[in-house]
Amino acid sequence: MRYSQSLIPTLKETPAEAVVASHRLLLRGGYIRKLTAGIYSYLPLGLAAVRKVEQIVREEMNRAGAQELLLPMVQPADLWHETGRYQKYGPELLRFRDRHDRESCLGPTHEEVITDLARREIRSYRDMGKNLYQIQTKFRDEIRPRFGLMRGREFIMKDAYSFDVDDEQSENCYQLMFDAYKRIFTRCGLDFRPVEADSGTIGGSFSHEFMVLADTGEDTLVICSSCKYAANMEKAAVKAPAADDAPLLDLEKVETPGKRKVAAVCDFLDIDPSELVKTLVFLADGEPVAVLVRGDREVEEVKLKNQIGAVEVEMADDKQVYDATGVPTGYLGPVGIKVKLLVDSEVAAMKNFTVGGNEKNYHMKNVNIGRDFEGTTVADLRQITKDDPCPECGAPITLREGIEVGHIFKLGTGYSEAMEAYYKDRDGEEKPMVMGCYGIGVSRVVAAAIEQNHDENGIIFPMPLAPVQVILLNLGINDAEISKVAESLYAELQEKGVEVLLDDRDERPGFKFKDADLLGIPLRVTVGKRLTKDGVVELRQRKDGSTEELTPEQLSDRVLALIDSAMKAAQ
RNA sequence: CGGGGCAUAGCGCAGCCUGGUAGCGCGCCUGCCUUGGGAGCAGGAAGUCGGAGGUUCGAAUCCUCCUGUCCCGACCA
């Protein structure tokens with residue numbers, strides 16, 4: 001590829017809209033351009049990087065026995081009505097009517113379409129054990145697209161769906177995918193962790209997310225320092241403490257004028273937030289529920305949602321709290337409360353704690369469960385913290401930020417039953433297909449790779465994802481000798497299978513160096529004055545800035561060796 | 001959807017408060033010069049000031065509405 005013929009519009013300055021590194025650098029490097037909110041064009045270099053990810057994904061999916069196909073992006077609403085998701089999915093599903101007034105939608109995911117295909121084409125247990133995947137543009141009308149390729153409305157995704165005869169076979173497939181995903185992200189050269197995850201709206205019984213570790217990640221991961229445990233924070237179980245066996249003290253109502261915040265109440269009563277229990281009200285599918293957690297804890301809404309089987313949970317605002325309980329926020333407590341009450345297991349183990357008095361300007365001290373109120377449900381409802389022990393082995397844990405690049409689910413028979421995707425087993429009996437689904441955010445992988453690998457000068461692509469492996473700078477466009485060597489190295493490297501971008505622009509050296517760094521191409525070859533002076537060209541590695549001088553004859557072997565070792569390192 | 005910004009040349013911004021013929025840097029075009037870390041000089045092109053309405057002799061500037069976009073929250077590959 002010749003720079004002069006390609007479209008690589010690099011920018012010296014950062015567009016104001018870009019906040020995170022990957023977005024900034026993809027724009028500056030001329031990899032992508034925004035068309036409208038959350039929708040981007042992939043320019044030649046951006047597409048090249050995407051293709052690298054796709055290729056690795058393809059190879060590993062095929063190796064794991066999956067078959068590639070391509071499903072439609074425009075889908076009839078009827079199919080979505082069958083699973084009930086036409087209503088459930090919400091405004092994220094872009095709906096429209098075609099010229100015949102048929103309700104349609106743009107596919108945000110393809111369970112319905114693939115299940116429809118499976119029920120039509122697969123009838124016998126002999127045909128089962130299929131895993132079908134596609135790499136395709138998805139559209140989700142995200143409430144808030146942001147961070148460039150990290151969270152677009154339109155994005156490239158690999159999604160696979162498996163159809164098995166029973167749980168055991170389905171589990172085998174899940175494990176196969178788990179291993180394939182580990183290989184995929186390793187081959188991409190990324191630092192990642194598979195973690196236990198909540199299965200979200202797609203449903204299903206069990207799932208793992210694959211997280212690229214990066215400070216800009218939108219998820220928090222819990223990683224055990226000792227055992228293999230790793231989980232998304234929203235899923236990470238908190239170990240219930242042993243019950244406090246202190247003797248029960250007498251209930252006491254105290255005046256706390258104007259003290260509404262945990263900090264203010266504790267300060268006023270001279271107690272620690274860990275001795276206070278706060279009562280928070282949530283709206284679960286519109287219904288108010290109260291949750292008790294310790295004053296210094298946070299409610300994990302995902303746990304709450306799963307506990308009560310709600311589709312949506314949100315914190316109630318002051319007015320909603322008052323409407324539901326008749327008590328202003330800040331003084332709410334469990335004693336005599338009017339809404340459904342859930343108790344975090346940590347609180348259930350406490351004795352003689354302080355709560356709101358369910359009356360303006362009052363709190364209650366020495367409150368005890370069982371004596372003063374009944375908790376209808378006791379469950380793990382709070383967010384884990386870095387001071388909590390590993391739920392598996394009890395060792396200390398660490399919290400890290402991560403970017404979700406892959407998610408695998410065991411779906412069970414939910415979709416197949418809803419859509420009547422049955423097969424006949426050996427005994428001629430009709431049975432629902434057992435499904436799994438496995439996604440990878442292909443375009444997001446590119447962004448995540450950059451979040452994890454960049455410096456102040458630009459991108460530092462891992463070799464396997466780099467749009468090209470080598471950038472070859474001709475610093476003497478108007479010098480016959482330099483140009484001749486640059487051209488012959490360009491030809492030679494390509495002949496040997498190396499991907500090369502030849503910078504043949506009539507620009508000053510500094511300009512080319514800056515662009516080369518910005519683009520993040522792993523290897524840079526410079527042909528310039530040192531050739532005419534000393535007969536050498538320079539080979540520089542983007543990742544550590546190390547340089548070596550070689551004769552033009554030595555260059556290609558050295559380049560091949562470096563590429564080879566970089567690719568082997570990511571195996 | 002709730003909260004908060006922003007919208008002026010391709011990009012980054014000033015001008016707005018206090019109304020009076022639209023500016024800077026980068027980029028772009030031409031010429032000279034220069035050539036190992038985003039050079040220098042000279043000349044040049046380029047803007048419905050997001051849109052609509054209003055106030056005013058006069059609006060980028062003041063008022064109203066609308067749209068777009070970015071950030072914080074709920075969603076997710």
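Proteins come first, then strands; the chains are lettered A, B, ... in the order of their sequence lines, and each starts at number 1. Just so it is clear, the model here is predicted, and its values are computed rather than measured.
Checking rU21(B) for Watson-Crick or G-U wobble geometry (two distances, each under 3.5 Å) identifies no partner in any strand. Pair check for rC28(B) finds rG44(B); Watson-Crick or G-U wobble, both atom distances under 3.5 Å. The nucleotide rU69(B) finds its pairing partner in rG5(B), both defining distances of the Watson-Crick or G-U wobble pair being shorter than 3.5 Å. The partner of rC16(B) cannot be assigned: no Watson-Crick or G-U wobble pair with both contacts below 3.5 Å exists in any strand.
Within a 6.0 Å sphere centred on OH of Y86(A), heavy atoms belonging to other residues, nucleotides or ligands number more than 12.
Applying the side-chain hydrogen bond (donor to acceptor under 3.5 Å, both in side chains) rule to pairs touching residues 21-31 of chain A yields S22(A)-E451(A), H23(A)-Y40(A), sequence neighbours excluded. For residues 440-449 of chain A, the set of pairs meeting the salt bridge (Lys or Arg N to Asp or Glu O under 4.0 Å) definition, not counting sequence neighbours, is empty.
Among the heavy atoms of the strands lying under 4.0 Å from G152(A) is at least one base atom, whether or not backbone atoms are also near. Residue-level contact check: D515(A) touches the bases, meaning some heavy atom is under 4.0 Å from a base atom. Among the heavy atoms of the strands, none lies under 4.0 Å from D479(A). No engagement by K533(A) is indicated, since no non-hydrogen atom pair under 4.0 Å with the nucleic acid exists. Among the heavy atoms of the strands, none lies under 4.0 Å from R153(A). Among the atoms of the strands shown, none is found under 4.0 Å from any heavy atom of F210(A). In this structure, G406(A) reaches the sugar-phosphate backbone alone: every heavy-atom distance under 4.0 Å involves primed, P, OP1 or OP2 atoms, never a base. At a threshold of 4.0 angstrom between heavy atoms, the contacts of V313(A) with the nucleic acid are absent.
In this structure, L473(A) atom CG and rG38(B) atom C1' are separated by 13 Å, rounded to whole Å. When the P atom of rA74(B) is taken as reference, atom CD of E300(A) falls 10 Å away, rounded to whole Å.
With sequence neighbours left out, E314(A) forms a side chain to side chain contact (heavy atoms under 4.5 Å, CB included) with L283(A). With sequence neighbours excluded, the residues that form a side chain to side chain contact (heavy atoms under 4.5 Å, CB included) with L399(A) are T220(A), V222(A), M233(A), K386(A), I397(A). Residues satisfying the side-chain hydrogen bond (donor to acceptor under 3.5 Å, both in side chains) criterion with N453(A), sequence neighbours excluded, are absent altogether. Under the side chain to side chain contact (heavy atoms under 4.5 Å, CB included) criterion, L550(A) pairs with L539(A), E548(A), Q554(A), L555(A), R558(A), not counting sequence neighbours. Residues that satisfy the side chain to side chain contact (heavy atoms under 4.5 Å, CB included) test with K303(A), not counting sequence neighbours, are V238(A), E300(A), D380(A).
For the pair R505(A) and L149(A), both in contact range of RNA chain B, the more 5′-proximal nearest nucleotide belongs to R505(A).
If you check rA74(B), rG38(B), rG37(B) against the side chain of L518(A), the one that comes closest is rG38(B). Residue R540(A) places its side chain closer to rG37(B) than to any other of rC72(B), rG37(B), rC75(B).
Comparing rU67(B) with rG23(B), their P atoms sit 33 Å apart, to the nearest whole Å. The separation of rC17(B) from rC62(B), taken at their P atoms, amounts to 5 Å, rounded to a whole angstrom.
Side-chain atoms of T532(A) and E481(A) include no donor-acceptor pair closer than 3.5 Å. Counting only N and O atoms by type, the side chains of R51(A) and Y42(A) include no donor and acceptor under 3.5 Å apart.
Judged by atom type and distance alone, R151(A) reaches the base of rC76(B) through a side-chain donor-acceptor pair under 3.5 Å.
For residues 173-189 of chain A, proximity to RNA chain B is found at no residue, defined as any non-hydrogen atom under 4.0 angstrom from a strand atom.
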Donor-acceptor list for residues 6-14 of chain A side chains, cut-off 3.5 Å, not counting sequence neighbours:
unit_1	atom_1	unit_2	atom_2	d
T10(A)	OG1	D515(A)	OD1	3.0
T10(A)	OG1	D515(A)	OD2	3.4

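Contact check, R140(A) against rC75(B): no side-chain N or O comes under 4.0 Å of OP1 or OP2. In this structure, K514(A) does not reach the rG37(B) phosphate: none of its side-chain N or O atoms is under 4.0 Å from OP1 or OP2.
Taking the ring centroids of F178(A) and F210(A), they lie under the 6.0 Å cut-off.
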Any N/O pairs under 3.5 Å between the protein and nucleotides 28-36 of chain B? List them or say none.
unit_1	atom_1	unit_2	atom_2	d
rU34(B)	O2	R508(A)	NH1	2.6
rG36(B)	OP2	K529(A)	NZ	2.5
rG36(B)	N7	K529(A)	N	3.3
rG36(B)	O6	G528(A)	N	3.4
rG36(B)	O6	R530(A)	N	3.4
rG36(B)	N2	R530(A)	NH1	3.3
rG36(B)	N2	E538(A)	OE1	3.2
rG36(B)	N2	E538(A)	OE2	2.8

What nitrogen or oxygen pairs link the protein and nucleotides 40-51 of chain B at under 3.5 Å?
none

Seminar exercise, completed: Contact string for nucleotides 8-15 of chain B, one letter per nucleotide 5' to 3', B = base within protein heavy-atom range under 4.0 Å, S = sugar-phosphate only, - = neither, reads ---BSS--
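A salt bridge links E487(A) and R2(A); the closest N-O separation between the charged side-chain nitrogens and carboxylate oxygens is under 4.0 Å. A salt bridge links D191(A) with R193(A): the closest approach of a Lys/Arg side-chain nitrogen to an acidic carboxylate oxygen falls below 4.0 angstrom. Look at D455(A) and R542(A) and you find a salt bridge, because one of the NZ, NE, NH1 or NH2 atoms lies within 4.0 Å of a carboxylate O, short of that distance.
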